Every structure is written in structure tokens, then in C-alpha cells.
Amino acid sequence: MELPGKHQRIYAIVRQIPPGHVATYGDVAALAGLPGHARLVGYALHALTEFSDVPWQRVINARGAISLGRAYPGGELHQRRLLEAEGVEFDANAKINLKRFRWRPV
DNA sequence: GAATTGACGCGGC
DNA sequence: GGCCGCGCCAATT
């Protein structure tokens, strides 16, 4: 785990997401060199903790919503709060306006 | 070394 | 327009 693997590659991409912006699993996977492997991104972030230097909270699913509700009940509320603190807004459906906050590499 | 799981994506109904 | 099931690769045990 110490050696750079596929996971490390994904972490590097997530670290590049600037505050106030979000990216989808598919995007992160593609940027990490793993197009179509959104599950790997989820698996990699799952191994992270809130103490990690990786802003995993800025990574959301393609629907623009938080996926934690599936594995960590109530955890999505925690993530939502973090994003709102960065300037990311949610709609009535607890979804992020991807059209506005979706981060793209420059 | 092999089997199972996993923060998802997309197609189909 | 929303809900269900299948499939991809890597990491973990």
C-alpha cells in the first residue's frame, strides 16, 4: 500500500480538485488513467479517512449526488455540510448542480 | 494463488 | 422520468 498503485493515482487526481468544485467518479477515473472504472475510484476513496489529505468529499457520483448514503447512512449529510462550507450548493433533491460546480482539468 | 467484494455507470423496462 | 440488474478492474482476505 505504500507503493504507488492505482489507488495512489486516483488520490492524486482528487487532490487537484479545487475548493468550491466537485468531480464525478467517472471523471476522476478517466483523469487517473482508468476510463470507465468508476468503481475503483469509489473503492480507493473508501479506504481514505477524514484525516487524509484527499478532499474525498468533492468526489460524487454521476448523478451529482452523494453516494455515501449507500454505505454510510447519514454520512452524506456530513459530506454535504463540508461541501456547502466550500461554496457548493445543493438543490431540493440534495443534488449538486454539476452544470455549475463540476470541475474540469485546465 | 483464488474467490469475493466494492463511495459506480449505464442500459433497459 | 424513475427504478432494477448487470458488468468492469483492482484491492482485500
Side-chain angles (χ1 to χ4, degrees):
Chain A
M1 275 207 237
E2 303 288 323
L3 295 175
K6 265 55 175 189
H7 274 193
Q8 296 297 333
R9 193 99 180 230
I10 294 167
Y11 299 150
I13 300 298
V14 179
R15 272 189 208 149
Q16 292 172 54
I17 303 177
H21 288 263
V22 295
T24 67
Y25 287 91
D27 282 347
V28 175
L31 292 171
L34 305 167
H37 297 191
R39 312 188 99 215
L40 271 299
V41 179
Y43 197 81
L45 297 180
H46 166 237
L48 290 172
T49 68
E50 51 187 304
F51 298 95
S52 304
D53 56 334
V54 181
W56 56 270
Q57 66 246 47
R58 290 176 195 153
V59 184
I60 57 180
N61 59 8
R63 297 181 194 171
I66 299 173
S67 323
L68 289 178
R70 192 187 285 183
Y72 298 92
E76 82 172 56
L77 202 48
H78 176 70
Q79 181 172 358
R80 172 173 171 173
R81 199 164 79 180
L82 291 171
L83 290 171
E84 287 182 318
E86 295 183 355
V88 180
E89 299 174 15
F90 287 77
D91 62 2
N93 262 337
K95 288 193 194 169
I96 298 175
N97 195 340
L98 288 176
K99 269 209 126 169
R100 232 176 107 184
F101 299 102
R102 198 188 205 202
W103 171 70
R104 52 175 189 164
V106 278

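Below, chain A is the first sequence line, B the second, and so on; all start at residue 1. Being a predicted model, the structure only gives us computed values, none of them experimental.
Note: CG (A:Leu45) to P (B:dA7) measures 11 Å, nearest angstrom. The CG atom of A:Leu83 sits 19 Å away from the P atom of B:dA7 (whole-angstrom rounding). Across the protein-nucleic acid pair, A:Tyr43 atom OH and B:dA7 atom P stand 9 Å apart, rounded to whole Å. Distance, A:His37 NE2 to C:dC8 C1': 5 Å, rounded to whole Å. Separating the NZ atom of A:Lys95 from the C1' atom of C:dG2 is a distance of 9 Å, rounded to the nearest angstrom. Rounding to whole angstrom units, CG of residue A:Leu48 and P of C:dT12 are separated by 12 Å. A:Ile10 places its CD1 atom 10 Å from the C1' atom of C:dA11, with the value rounded to the nearest Å. Here C:dT12 presents its P atom at 13 Å from NZ of A:Lys6, a figure rounded to the nearest Å.
Panel note: side chain A:Tyr11, backbone A:Ala44; a donor-acceptor pair is recorded below 3.5 Å. Formation of a donor-acceptor pair under 3.5 Å by the A:Gln79 side chain with backbone atoms of A:Gln57 is found in this model.
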I'd like to compare against my own output: the B/S/- annotation of nucleotides 8-13 of chain B with a strict under-4.0 Å heavy-atom distance to protein. BS----
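Listed here is the closest heavy atom pair of A:Trp56 and A:Leu68: CZ3-CD1, 3.5 Å. Of all the heavy atoms in A:Lys95 and A:Ala65, the pair that sits closest is CG-CB, 3.9 Å.
Going from atom CD1 of A:Ile96 over to atom CG of A:Asp91 covers 9.0 Å, rounded to the nearest 0.5 Å.
Within a 6.0 Å sphere centred on CZ of A:Arg63, heavy atoms belonging to other residues, nucleotides or ligands number 12 at most.
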